[in-house]
Amino acid sequence: MERDLARRVEKLREEIRQHNHHYYVLARPAISDAEYDRLLRELQRLEAEHPDLVTPDSPTQRVGAPVSALAKVEHAEPMLSLENAFNETEVREWEESLRNYLKVESLDTDFAGEPKLDGVSVEVVYENGVLARASTRGDGWVGEDITHNVRAIQSVPLRLAGGRVPALLEVRGEAIMRKDAFQRLNRDLLEQGEEPFANPRNLAAGTLKQLDPAVAKERPLDIYFYGTGRSAGIEARTQRELLAWLGELGLRTNVEMTAFGGLDAMLAAYAGLEQRRNDLPVEIDGMVIKVDNLALRERLGTRARSPRWAVAVKFPAQQATTRVQDIVVQVGRLGTLTPVALLEPVEVGGVTVQRATLHNAEQIRKLDVRVGDRVFIERAGDVIPKVVAVVKESRRGGERPFTPPERCPACDTRVEQDEDAVALRCPNPRCPARVVAQVEHFVSRGGLDVEGIGPKLIEQLVARGLVEGVADLFCLDAASLIALERMGEKSAANLLAALERARQPALDRLLFALGIAGVGQTVAEVLAAHFSTLERLGAASAEELEAVKGIGPEAASQVRAWFAQEENQALLRDLAALGLRPRTAPASAGAKGGEFAGRTVLFTGTLAGLTRAEAEARVKEQGGRILKAVSRNLDLLVVGEDPGSKLKKARELGVRIMTEAEFLERIGD
Ligand code: IVH
């Protein structure tokens, strides 16, 4: 019976692995999603009933608990970089240098020309076919342990497939995010009022460095493998065979985009790749040409930082020229005016570009950009393009220089020079453009986290005079919401419910939401933990603020200045009158407030360093409150070994999660 069960579990895993491979690596699913879900659910059920049967390489075990820090990992063989070549001559010189080094007339080998993926290089170690460890390149010798995040990448097998599994395999590849996934993610971030990522590489790097693998799970990363580090039992004589073998083991490679042949074939392949560059699903920044024959590579060896047997041929930067149709001015949350060039739509790097930031009037003066000018714009893998130069020869005389506005384009108030004397700002706190940006920030995820309200809706609310400041959000009613475009009864009710929930925010979230200059999420947390109530914070002098660990003189004076302004005091009074009550620490926490002052905390899983009762007592000593279940009112979930469903729920609700190690550090153990 037990044996049958174990066999069934192993069979399910094998089937699921194969389907994962079909779906994520080959992009050719062999069964329907519903059938796949059924297999996965059966495995999950059996494992839940028989926890002793759970193994780390089970497909159910991809996303584990957060780690407390990224450990350092030494690479058994250094991860080198590549020499660059920028044109055909340099490629030919490289080939010649190989012949000279070996003192031969001709090289007895083909070359492999692979796309140079623009991502993050990683190493993944398989021991007896099971994923044991993954790390970043770091400085080439020592990287960071990102095993928890790499496990969450669906196309990376937790167990190698096929019959020729080596005892040890250190595979190297490039972690990337596909362009479509990147664009989708950035759109979501923008809608939530958050900063988008500049390019897929930054997003991939940022994701792999997260402590909580749930983030990586949400972001569709991929790794394309192209080589090996120290390994035992490699069955390949050429790069061509190596890629084929890695593919057999279930690892994703980029053979489809790789060319093999002599040097001329490489140069032709490079030209083809550059032409197709923008149509490819992934960002590439060139082609890597490698000696195909692995034995010959051994003879060629490496220099200090790069192998002799490979060269990276880089693409030139992606530029285009287009015409500046207008230069408009955008107004930010704090009133800063940013000039933006509106462009005749043009394709650069596969993206249609219609706007480019010009940063400030000073930058415009330096470039001498005028409306009507033909300009060079550049995308260096970045999403926000830059104007890099003006084609002065194309001027016909009618071009109009940009005059910095004397009045705000949104509210017509006279603009002022910012303290740094570079930017202009609109000083009118009621400026509709500023209000829109403020409300977006107020309801953003790091702020009050109100669901169901995006930029379009906020613009409508402000344009119709329903919202003149953030406090007005709490005066909205169903009737006025339903009267808006694209707003049904259900969405109106949902929004009102979300606003109701937002009436009792944690203090740090409220501080962030208020949009005080210099108060980002971290400063907000420090201030909330130290002062525990809005009143105490508001009464603090600049000296008292500066004395707080983690608060610099700049932030201290900005906070002081914010509270000193009558209109901000009026805002706080309005918010209080409308029932906004930040959750604060109990009086016993003392004037200073403890580490958990005013916070609600819950523990899940087994703690290693202290008992649950001890941990809860420490939280209470430091002004915190223990909750019994995960809800929107929970501020912090502390996670021990084997956390249960609470972790999942907390993630869904966006509750902050802390590992036991972080918790111990916070309480000073
Ligand atoms: S081979 C000894 N192949 O480029 C180094 N690298 O500039 C062997 N890269 O750190 C690297 N695509 O992150 C190789 N097909 C490819 C690559 C590739 C991207 C990256 C890799 C490396 C960097 C070197």
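All residue numbers refer to positions in the sequence shown, counting from 1. As the structure lists them, so they are numbered: ligands from 1, and atoms in each ligand from 1. Remember, it's a predicted structure, so these values are computed and weren't measured experimentally.
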Original post:
Looking at residues at least two apart in the chain, or sitting in another chain, which of them share a salt bridge (Lys or Arg N to Asp or Glu O under 4.0 Å) with Arg17?
Top reply: Glu10, Glu14, Asp57

Original post:
Do you know which of Leu251, Leu131, Leu246 makes side chain to side chain contact (heavy atoms under 4.5 Å, CB included) with Leu160?
Top reply: Leu251

Would you mind listing each N/O atom of ligand 1 next to any protein N/O under 3.5 Å, plus the distance?
from     : atom 1 : to     : atom 2 : distance (Å)
ligand 1 : 3 (N)  : Lys290 : NZ     : 3.0
ligand 1 : 4 (O)  : Lys116 : NZ     : 3.2
ligand 1 : 12 (N) : Leu117 : N      : 3.1
ligand 1 : 13 (O) : Ser121 : OG     : 3.4
ligand 1 : 13 (O) : Glu174 : OE1    : 2.5
ligand 1 : 13 (O) : Glu174 : OE2    : 3.4
ligand 1 : 13 (O) : Tyr226 : OH     : 3.4
ligand 1 : 15 (N) : Glu114 : OE1    : 2.8
ligand 1 : 15 (N) : Pro115 : O      : 3.2

Original post:
In terms of ring plane angle, is the pair Phe111 and Trp94 parallel, tilted or perpendicular, where the classes change at 30° and 60°?
Top reply: tilted

**OP:** Not counting sequence neighbours, which residues clear salt bridge (Lys or Arg N to Asp or Glu O under 4.0 Å) with Arg92? List them please.
**Re:** Glu88, Asp264

**OP:** State which residue, out of Arg172, Arg137, Glu123, fulfils the side chain to side chain donor-acceptor pair (under 3.5 Å) condition with His75.
**Re:** Glu123

Original post:
Sequence neighbours excluded, which residues qualify as salt bridge (Lys or Arg N to Asp or Glu O under 4.0 Å) partners of Arg308?
Top reply: none

